[in-house]
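For the single chain, residues carry numbers from 1 onward in sequence order.
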Amino acid sequence: MSGCGCGCGSGSGGPFSKGRDLVEFVFHAHGGAIRDQKILQGPLATVCQGCGTPFALETYLGTCPGCGGVHAVAPMAPTSANIQFAGSDYRLPL
Ligand SMILES: [Zn+2]
């Protein structure tokens, strides 16, 4: 099983990763079932770490409306301070 943010994760990456590692962790968590879920505590107001556009992160993984930069937050600690940015050159492997 892949990591799921509940402490049972394994391998590289995990809920305490930073930047792109965290984004990829959330992307793959629970076989992709986490990334499209609404954040339980509600949307997180943030500012794009790539272009500075303010936006609300509504799901655990989301993109900036300005530049498409990918942001994610760990499911067990969804706060604005914990939002990680994958980098301006990163695009989701879809
Ligand atoms: Zn942006």
Side-chain angles (χ1 to χ4, degrees):
M1 289 297 290
S2 60
C4 63
C6 62
C8 63
S10 62
S12 64
F16 301 108
S17 300
K18 297 291 183 190
R20 187 171 303 187
D21 285 344
L22 189 274
V23 171
E24 292 194 324
F25 168 79
V26 174
F27 182 81
H28 293 292
H30 278 287
I34 296 293
R35 61 180 184 250
D36 292 329
Q37 288 184 17
K38 298 277 188 187
I39 295 171
L40 207 59
Q41 291 83 346
L44 299 175
T46 188
V47 174
C48 175
Q49 294 173 42
C51 71
T53 297
F55 71 102
L57 188 68
E58 297 186 2
T59 52
Y60 292 103
L61 189 149
T63 55
C64 165
C67 70
V70 183
H71 295 66
V73 69
M76 88 294 265
T79 64
S80 294
N82 287 333
I83 292 173
Q84 299 293 316
F85 176 52
S88 56
D89 61 338
Y90 182 83
R91 286 297 175 267
L92 292 174
L94 294 174

Per-pair distances, 0.1 Å, donor-acceptor, side chain in residues 74-84, under 3.5 Å, sequence neighbours excluded:
residue	atom	partner	partner atom	Å
T79	OG1	N82	ND2	3.1
S80	OG	A45	O	2.9
N82	ND2	A77	O	3.0
Q84	OE1	G19	N	2.6

Between F55 and F85, is there shared hydrophobic-cluster membership here, with clusters defined by ILVMFWY side-chain heavy atoms closer than 4.5 Å?
no

Closest heavy-atom pair, T53 versus P65, reported as atoms and distance to 0.1 Å, is CG2-CG, 4.3 Å

About how many Å separate SG of C64 and NE2 of H71, when rounded to the nearest 0.5 Å?
6.5 Å

Which pair of heavy atoms, one from G14 and one from L22, lies closest together, and at what distance?
O-CD2, 3.6 Å

Atom pair OH (Y90) and OG1 (T63), whose distance is rounded to the nearest 0.5 Å
12.0 Å

Can you tell me how far apart CZ (F25) and CZ (F16) are? Round to the nearest 0.5 Å.
9.0 Å

Which residue is it: L61, L92, T59, V23? I am looking for the one with a side-chain contact (heavy atoms from CB on, under 4.5 Å) to R35.
L61

Taking only residues two or more places apart in sequence, or in another chain, which ones meet K38 in a salt bridge (charged side-chain N to carboxylate O under 4.0 Å, His left out)?
E58

